[in-house]
Amino acid sequence: MGTARDQLLLSLLFLLPCLFLFHFGQPLMPVEQKSSNGESVSPAVTKDERSTESTAEENQEFVGNFPTLDSMLQWAIGNSDPEKLKEKAEIFQKFSPEELLKRQVELKELMEMITMPSDSEVMKILIANLNNSSASQQERQNALNNLLNLIEQTDDPLDLDKMGVLEPVINELENSETEIRTISALILGKVSQNDALVQNQILAYGAMTRLMKMVKSSYKEEAIKALYTISALLQNNENGQEIFYSQGGNLLIQDLIKDSSRNVRLQKKAVVLLTDLADFQMTKNSKDTNENKFVIPFLSEKSFLKSLINLLSNSDLDLQEKVLMGIRSLLKLDSTVNFEELSSLDQVLERMKIQLEIIASDEDQLDYVRDVEILRKEVQTVFRQKLELVQVTPS
């Protein structure tokens, strides 16, 4: 006899096709698809692909200790052999309604006897896999993917550091496989969103250095996910912003914005990060009555404004909009920049006005173009006000 979990799996392996046929009115027949390397793979059943006709109350009554029938099906399919499921499906198509009902009752009774592990228990199992030095790269990637799915689905507050989750995931940022580094960065970004405690815990493990290295990766998704996580760690966090600056964060952002060969998605994220930092400084100082204002030194550098102005020549309208937001935020900061040296901005904004008028002829983009034009006018107004202040101020 195996464990209760093994018995449940064996029972589900036998009963699942019958249950699927009974509940959805069609047999469970895994559809083969081809992966990028040409191998046959069986796609997981997603929530959107399943029937939504049964009510939550009916599902809850049916599945016992599982939250929903969907969750039971997803777990069972993920732990079953597609070929065996296909064989059983062919057998169960011949069952009578009475036999199907009998199988349903048997499955319900079995599941009521067994309690599935909690989210925290599953996380501990996954982390144990990461801590296992003999685990293969594929096992590590599977553990991280499952951990990411679990974090995205759970609403319960968990002390991830106390549970030993953070450090093993951070260690995987040094993995030789780009896919594993990318998933690890994404997990850290997800858990640190708007959570100062988790942000500081991750920073204390030295993750910033590794993430900044990943942003320079030649692998597009790795670089994008790493910058996403850096942005999450810096969000409303002075400690994180100081660490970022001390490790050359200003040079990293400058490089991303200036290099025209960079992926446009990465450039957008860099511009948004720069804008968020400027907005945080402006908001914090507007509330702070102390003489010692919070200042991110590199935000007042003229080079950032120049780089953003150059980016406005990019034809990507979404990027142009984000750049305008960045310029607006930087212009509103207290600065010693000589704005007469940036007079080209006014000319660039005038050319952009003409381009927007041309794009507006496309009715599908009309509303969006109007919003961008409003932003463009605002940036031009702020800039001209800055120029006027420079011109009337005696030297």
Side-chain angles (χ1 to χ4, degrees), residues 220 224 227-228 231 250-283 285-286 296 298-395:
K220 178 179 66 176
I224 289 172
L227 189 57
Y228 157 78
S231 299
N250 57 320
L251 300 178
L252 179 65
I253 295 179
Q254 181 70 277
D255 179 61
L256 293 175
I257 294 175
K258 286 179 63 177
D259 189 351
S260 58
S261 66
R262 292 284 185 176
N263 177 269
V264 69
R265 286 174 57 201
L266 191 60
Q267 286 191 313
K268 289 177 185 179
K269 288 189 178 296
V271 173
V272 171
L273 173 56
L274 183 63
T275 305
D276 288 345
L277 292 173
D279 289 343
F280 174 76
Q281 176 175 308
M282 185 165 49
T283 301
N285 289 340
S286 67
I296 304 173
F298 65 83
L299 292 179
S300 60
E301 295 176 7
K302 178 177 61 178
S303 58
F304 278 97
L305 274 169
K306 280 192 170 182
S307 296
L308 289 178
I309 293 171
N310 291 335
L311 263 186
L312 284 176
S313 61
N314 191 293
S315 59
D316 188 303
L317 190 57
D318 182 50
L319 176 59
Q320 289 180 343
E321 180 185 30
K322 288 176 170 57
V323 170
L324 287 173
M325 291 178 179
I327 294 175
R328 178 183 61 184
S329 296
L330 290 178
L331 288 175
K332 290 182 178 180
L333 292 178
D334 292 334
S335 174
T336 57
V337 171
N338 182 353
F339 291 99
E340 288 184 321
E341 297 178 4
L342 300 173
S343 58
S344 62
L345 174 58
D346 199 58
Q347 301 168 8
V348 171
L349 291 173
E350 284 298 317
R351 287 198 299 268
M352 187 176 182
K353 178 182 178 181
I354 298 172
Q355 293 171 352
L356 290 174
E357 290 173 350
I358 296 173
I359 299 174
S361 61
D362 181 352
E363 292 186 1
D364 292 337
Q365 298 198 66
L366 183 57
D367 290 340
Y368 183 42
V369 170
R370 284 173 177 167
D371 292 338
V372 177
E373 172 59 15
I374 291 172
L375 179 59
R376 187 203 67 81
K377 286 181 178 179
E378 182 182 356
V379 171
Q380 191 168 44
T381 299
V382 174
F383 177 66
R384 287 176 175 176
Q385 289 173 346
K386 290 283 187 178
L387 277 179
E388 290 175 2
L389 286 176
V390 172
Q391 293 168 355
V392 300
T393 301
S395 58

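In what follows, every heavy atom counts, from backbone to side chain, and hydrogens, waters and symmetry copies are set aside.
Rounded to the nearest 0.5 Å, atoms CG (L299) and CG (L305) are 10.0 Å apart. For the atom pair NZ (K332) and CE (M282), the distance works out to 5.5 Å, reported to the nearest 0.5 Å. The CZ atom of R384 sits 12.0 Å away from atom OG of S343, with the distance rounded to the nearest 0.5 Å. Once rounded to the nearest 0.5 Å, the distance linking CD1 of I359 with CG of D364 reads 13.0 Å. Atoms CG and CG, on L273 and L227 in that order, are 6.0 Å from each other to the nearest 0.5 Å.
Nearest heavy atoms, I253 versus A270: CG2-O, 4.2 Å. Scanning all heavy atoms of the two residues, the minimum distance from L330 to A278 falls at CD2-CB, 4.0 Å. When all heavy atoms are compared, the tightest approach of I257 to S307 is CG2-CB, 3.6 Å. Among all heavy-atom pairs drawn from L324 and V379, the shortest one is O-CG2, 3.4 Å. Listed here is the closest heavy atom pair of L342 and F383: O-CZ, 3.1 Å. Taking both residues in full, the closest heavy atoms of F304 and L274 are given as CD2-CD2, 3.8 Å, listed atom of the first, atom of the second, then distance.
Under the side chain to side chain contact (heavy atoms under 4.5 Å, CB included) criterion, D276 pairs with V272, not counting sequence neighbours. The salt bridge (Lys or Arg N to Asp or Glu O under 4.0 Å) check on K353 picks up nothing, with sequence neighbours excluded. Considering only residues two or more places apart in sequence or on other chains, K268 meets the salt bridge (Lys or Arg N to Asp or Glu O under 4.0 Å) condition with D316, D318.
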Requested in this report: Decide yes or no on side chain to side chain contact (heavy atoms under 4.5 Å, CB included) for L312 and L345, but give the supporting numbers first.
Outcome: CA-CA 9 Å; L312 284 176; L345 174 58; 4.2 Å; yes

**Report entry** From CA spacing to verdict: side chain to side chain contact (heavy atoms under 4.5 Å, CB included), L317, L356
**Finding:** CA-CA 9 Å; L317 190 57; L356 290 174; 3.7 Å; yes

Query - CA sep, side-chain torsions, deciding dist, call: Q254, S303, side chain to side chain contact (heavy atoms under 4.5 Å, CB included) - result: CA-CA 8 Å; Q254 181 70 277; S303 58; 2.9 Å; yes

Requested in this report: Could you please spell out the steps behind the side chain to side chain contact (heavy atoms under 4.5 Å, CB included) verdict for D255 and R262?
Outcome: CA-CA 9 Å; D255 179 61; R262 292 284 185 176; 2.6 Å; yes

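Partner of V271 under the side-chain contact (heavy atoms from CB on, under 4.5 Å) criterion, chosen from L308, I327, L266: L308.
Side-chain atoms of S329 never come within 3.5 Å of backbone atoms of G326 as a donor-acceptor pair (strictly under, hydrogens ignored). Remark: side-chain polar atoms of Q267 are paired, donor with acceptor, to backbone N or O of D259 under 3.5 angstrom.
Between E373 and R370, none of the side-chain N atoms (NZ, or NE/NH1/NH2) sits under 4.0 Å from a carboxylate O, so this pair counts as no salt bridge. A salt bridge is defined here as a Lys NZ or Arg NE, NH1 or NH2 lying under 4.0 Å from an Asp or Glu carboxylate O, and R376 with E357 fails to meet this definition.
Two residues are said to be in side-chain contact when any heavy atoms from C-beta on lie closer than 4.5 Å; Q380 and E350 meet this criterion. Annotation: side chain of L256 is not in contact with side chain of K269 (no heavy-atom distance under 4.5 Å). Taking the side chain as every heavy atom from C-beta outward, M325 and L375 approach each other to under 4.5 Å.
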